[in-house]
Amino acid sequence: MLSKEQNETLTQVGPGKPMGELLRRYWYPIAASSEVERIGTIKKVKILGEELVLYRDKSNNLGLVADKCAHRGVSLEYGIPDKCGLRCQYHGWLYNGEGQCIEQPNEPENSTFKARIKISGYKVEELGGLVFAYMGPAPAPELPRWDLFVQKNVIRTIGYAIIPCNWMQIMENSLDPTHLEWLHGHYFQHIFEQQGRPQDEWKITKHHLKIGFDEFEWGIIKRRVLEGQTEENEDWAIGHPIVFPNMLRVGDSGAHSFQIRVPMDDTHTFHFWYTCFVPKEGVVVPEDYPISLYQCPIKDEDGKFVTDYIDGQDMMAWITQGPIADRTTERLGTSDKGIIMYRQLLKKELKNIENGEDPKCIIRDPKKNEYIELPQEEDKFSEGGLLSGVAKDWNTRYAPNLEEIIELCKGGKVSSSV
Amino acid sequence: MKKYEIKLKYCPNCGESLLKSKSLLNEYWIADDTAYFCWCSECSWRGEIVEVKRVTAPELV
């Protein structure tokens, strides 16, 4: 249980708010590269409380600027990508990638007016099939080259959803190991029962005997010992990390994935499920195989949460806590210590930026950023490649080419129509 | 739901208020006990305080 003020500090992400300022120190995925690969494409996005437009100009460069033209507030979502920037469709004002106005076609030729006109403009870079933005103070740190973004010989998929709740309650789910045996275990069995599916096929109901959390260079490593296991098992000995401040790494020997939570505003989060399918030993997957992009449904046509897949169950749990979870009425127990640890880590890093220091996970040395390997258990719950074995019960079931990916990873030869 | 009542107020190390929004004062429960996880943004002291309702000792066999 927290005070109202301390809850607000953790959950408010807009400019000028303490957490908003901390979060601005990091790079965020804002689109899949495939969404903006065509010259002239514009995508409207909202990140950290700011309405922005991402565009690809006629020089094939990506730009990210404020959605509103400084002239009369027209949305640049309908602008005209030019040779070097984005032009307002209303009166032709042209903004470069930094948001500086560089042309006002109907003003006097010698006017200096445009030099005093600037809208927000932010750095963007592409990596691993995603477009990332940096909205913090200069100089921008390195865009982290986490292993999954640069790993060779894997097949990638990108799922996404816009979640109507605050980013913190989504992150706290990742510091809560025991929800697995209930939300994704016993509750899933209940769903199976309702659907008439056999219940004994499900293996995620083992009871947690012990959970642990260790801070490390890139965040917090989450560990568990399940019934029938010891500390020798990979779930404890290796575990998997929460990468500070907004990512979960999870998977097994057959599929590694990131869950990336991008705060849009105080009550909405842009969520990515970024998965790398790992082929069986000796199989080489096609190098230019496309990265499929798919939306993960939150509710069905009756307005009910879709709860017959793991990520749908998570979304139900996140969203039903309310747009911003009221932590003044929560009742945490000992199994929630990971959540408390994460809250404290956020506060500690807030203090670091107040002291003029870089917070955790800011990388300035390019040599350190060539390939950042993260720990992750591969023998999951002592069941081997359990999660990849149930790819049809994960968000990946919505990937249009899932069957083909499974075939390719087994060594099959199929030609993609994705 | 009962109204939130903050029983702790000050850092045991430096005396600064733990109610400041940049510190963390997180109440939780360990079986019958009410516990407070504290982190002071002023001095960085981190610790837990458990409210004592009944004084017990291990069996002295």
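Protein chains get the first letters and strands the later ones, always in sequence-line order, with residue 1 at the start of each.
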>> At a heavy-atom distance under 4.5 Å, which candidate from B/Ala31, B/Ser23, B/Ala35, B/Ser44 has the highest pair count against chain A?
In response: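 Of the options given, most contacts go to B/Ser23.
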Which bit of [X] comes within less than 4.5 Å of chain B, counting heavy atoms only: side chain, backbone, both or neither?
X	answer
A/Glu330	both
A/Ile340	both
A/Lys347	both

> Is there a donor-acceptor pair under 3.5 Å between the side chain of B/Lys22 and the backbone N or O of A/Gln6?
Replying inline: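 Flag not set: sc B/Lys22 to bb A/Gln6 has no pair under 3.5 Å.
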>> Under a 3.5 Å distance rule, please check whether A/Lys351 uses its side chain to pair with a backbone N or O of B/Glu42 as donor and acceptor.
In response: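 Yes, the answer is positive, given that a donor and an acceptor are paired below the 3.5 Å cut-off.
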> What pair of heavy atoms forms the shortest contact from A/Lys348 to B/Trp39, and how long is it?
Replying inline: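 Looking at all heavy atoms of both residues, the shortest contact is CA-CH2, 3.6 Å.
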>> Apply salt bridge (Lys or Arg N to Asp or Glu O under 4.0 Å) to residues A/Lys337 and B/Glu48 and explain how you reach the verdict.
In response: CA-CA 11 Å; A/Lys337 293 281 290 268; B/Glu48 290 190 328; 3.1 Å; yes
Check whether more than 12 heavy atoms from other residues, nucleotides or ligands sit under 6.0 Å from atom [atom1] of [X], and answer yes or no.
X	atom1	result
B/Trp45	CH2	yes
A/Asp365	CG	yes
A/Phe216	CZ	yes
B/Arg46	CZ	no
A/Lys17	NZ	no
A/Lys304	NZ	no

[X] [atom1] to [Y] [atom2] distance, which is reported to the nearest 0.5 Å:
X	Y	atom1	atom2	result
B/Ser21	A/Met19	OG	CE	10.0 Å
A/Asp336	B/Asn26	CG	CG	9.0 Å
A/Thr334	B/Asp33	OG1	CG	11.5 Å
B/Leu24	A/Leu10	CG	CG	7.0 Å

> Heavy-atom distance under 4.5 Å between the side chains of A/Leu2 and B/Leu25, does that happen here?
Replying inline: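 No; the side chains remain at least 4.5 Å from each other.
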> Given B/Trp29 and A/Arg331, is the side chain to side chain contact (heavy atoms under 4.5 Å, CB included) satisfied, shown in steps?
Replying inline: CA-CA 8 Å; B/Trp29 284 266; A/Arg331 294 290 186 272; 3.6 Å; yes
